[in-house]
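For reference, the structure is listed below as structure tokens.
FYI, side chains are in, hydrogens and waters are out, and symmetry mates aren't considered; it's all heavy atoms of this structure. In what follows, chains carry the letters A, B, and so on, assigned in the order in which the sequence lines appear, proteins first and then strands, with residues in each chain numbered from 1. None of the values given here were measured: they were computed from a predicted structure.
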Number of protein chains: 2
Amino acid sequence: MPGATAASSKRTSRARDEAGPLSRDAVLDRALDVINQEGVERLTIRRLAEALGVSPMAIYRHVSNKADLVDGVFDLIMSRASVTDHDEDDWLDWLAETFLRMRTALLTQRGALPLTMGRASLGVQALSVMEDVLAVLAKHDIGPPDAARIFNHLMMYTLGSAAILGPIIQQDAELADPGERTRRIRANFELLSGKQFPQLTQHASELAQSLRDTAFSDEIRHIVMSASVERLKP
Amino acid sequence: MPGATAASSKRTSRARDEAGPLSRDAVLDRALDVINQEGVERLTIRRLAEALGVSPMAIYRHVSNKADLVDGVFDLIMSRASVTDHDEDDWLDWLAETFLRMRTALLTQRGALPLTMGRASLGVQALSVMEDVLAVLAKHDIGPPDAARIFNHLMMYTLGSAAILGPIIQQDAELADPGERTRRIRANFELLSGKQFPQLTQHASELAQSLRDTAFSDEIRHIVMSASVERLKP
DNA sequence: ACCTGAACACCGTTCAAGT
DNA sequence: ACCTGAACACCGTTCAAGT
């Protein structure tokens, strides 16, 4: 068994007493634990140090500053989500699954979203996803003229979708059940003043529906298809 | 001249010596100044108090906590951007302009984006924009079944677009010139390893192009059209 | 009514020191 | 080499007090 990976360095107790010297992987691993258990806002150098049973300054041996820590954690999330690691036969299905996984990763890792925003340069993991998606498009004869447009569209739709849904989900404690989530969102729109917002109250049900996973996947397929159809009529 | 508005309470000096008692509008107004002049990360209760020439605790008279302050500032940004206050004849042009203004508002107000994310409930201003857009769609016979889908699509594309572009813009100091911005983004992709990321390096130019304002507006029109075309073939 | 001062429980980060 | 303690310059927020 050569080389323990980051994934295998999970610890159950809150201190680390036993183990050898700290590693970057161990630090990032624990940081992700803290985020999932206590939320992003609780991910601080000091809190992380405490969780590792170590002085705050020990962290700085493996991470140059907080921004570097955040970057590392985000890439770890992306790699754990294995966004492109699946093999549907139909390429539309593959694309739908890929972006659904990306959205889910951004939504379920509590507060992964705030980590994404404000990052100027993409991490290696994010770049790899981009690369894989463009390769699939190219394999279906969608080249430079259209591929970039389609890719950007898919990416932005996914990010925007997560950006809108993320805060809503976090608000209501654990809204894992999609049906209950949809119901709550609809209720929020229905509670608005019908005089001030007639359209919003009227569209409440459909607005809530369009945030569901199935609607998301359908829209991803729709984006790819309508763009490739466009391409065939010069 | 009855009633000074928030907009008219601009101050040129950093202290407020003269003026009467603090108002919520004055606080939010100053907060927006701080954001624009020093960036979001510098918007703190203490910094704001200093800018107003007042003790930190005086702020709490007009704002219940920092989250409330942030919410107020975001709504102020939305209202200043007057996203829906224009009148193109063609409804596609109107929609394109509306969402372009929204994107621009999110991008130019330095760090408006971080304010958006993490907000569970939309402010009155944001809700009004939604209402207006849905009304325009309804006026062109796009009702509940499709309107919500189209609206969500437009909204998410806009938000995602701003989310991706925002950090890039902020990174390179002042990248107001869109040509220069596009060139830099292309360069970033071209600098990647051609062996590790063949697609990304190959698509560099197109990927950068698709982030421009014109490409954005075109895509907004495209989204509306392809969705309404869909609607006509049962 | 409106504002202030002092204090509490936190941050990220630097620096000099320990083993 | 790897870690610690003490300190600096900050945060948001509460509480009791001033005018």
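- A salt bridge links A:R149 with B:E219; the closest basic N to acidic carboxylate O contact falls under 4.0 Å.
- Not a single side-chain hydrogen bond (donor to acceptor under 3.5 Å, both in side chains) links A:S128 to another residue, sequence neighbours left out.
- A salt bridge links B:D29 with B:R80: the closest approach of a Lys/Arg side-chain nitrogen to an acidic carboxylate oxygen falls below 4.0 angstrom.
- Side-chain contact, A:T158 with A:R103: no donor N or O sits under 3.5 Å from an acceptor N or O.
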Worksheet item: Can you check side chain to side chain contact (heavy atoms under 4.5 Å, CB included) on A:E190 and A:L200, steps first, answer last?
Response: CA-CA 8 Å; A:E190 279 168 349; A:L200 290 178; over 6 Å; no
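- A donor atom on one side chain and an acceptor atom on the other are not found under 3.5 Å apart for B:R186 and B:S205.
- Taking the six-membered ring wherever Trp is involved, the centroid distance between the rings of A:H153 and B:Y157 falls below 6.0 Å.
- With the 3.5 Å cutoff on both pairing distances, Watson-Crick and G-U pairs in DNA chain C assemble into runs of at least 3 at C:4-8 with D:12-16, C:12-16 with D:4-8.
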Worksheet item: Going 5' to 3' along nucleotides 4-17 of chain C, which nucleotides have protein heavy atoms under 4.0 Å from the base (write B), which only from the sugar-phosphate (write S), and which from neither (write -)?
Response: BB-B---BBBBB--
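- Rounded to whole Å, the P atom of C:dA9 lies 22 Å from the corresponding atom of D:dA9.
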Item to complete: Run the numbers on A:D25 and A:R30 for side chain to side chain contact (heavy atoms under 4.5 Å, CB included), then give the verdict.
Response: CA-CA 9 Å; A:D25 279 347; A:R30 249 278 180 272; over 6 Å; no
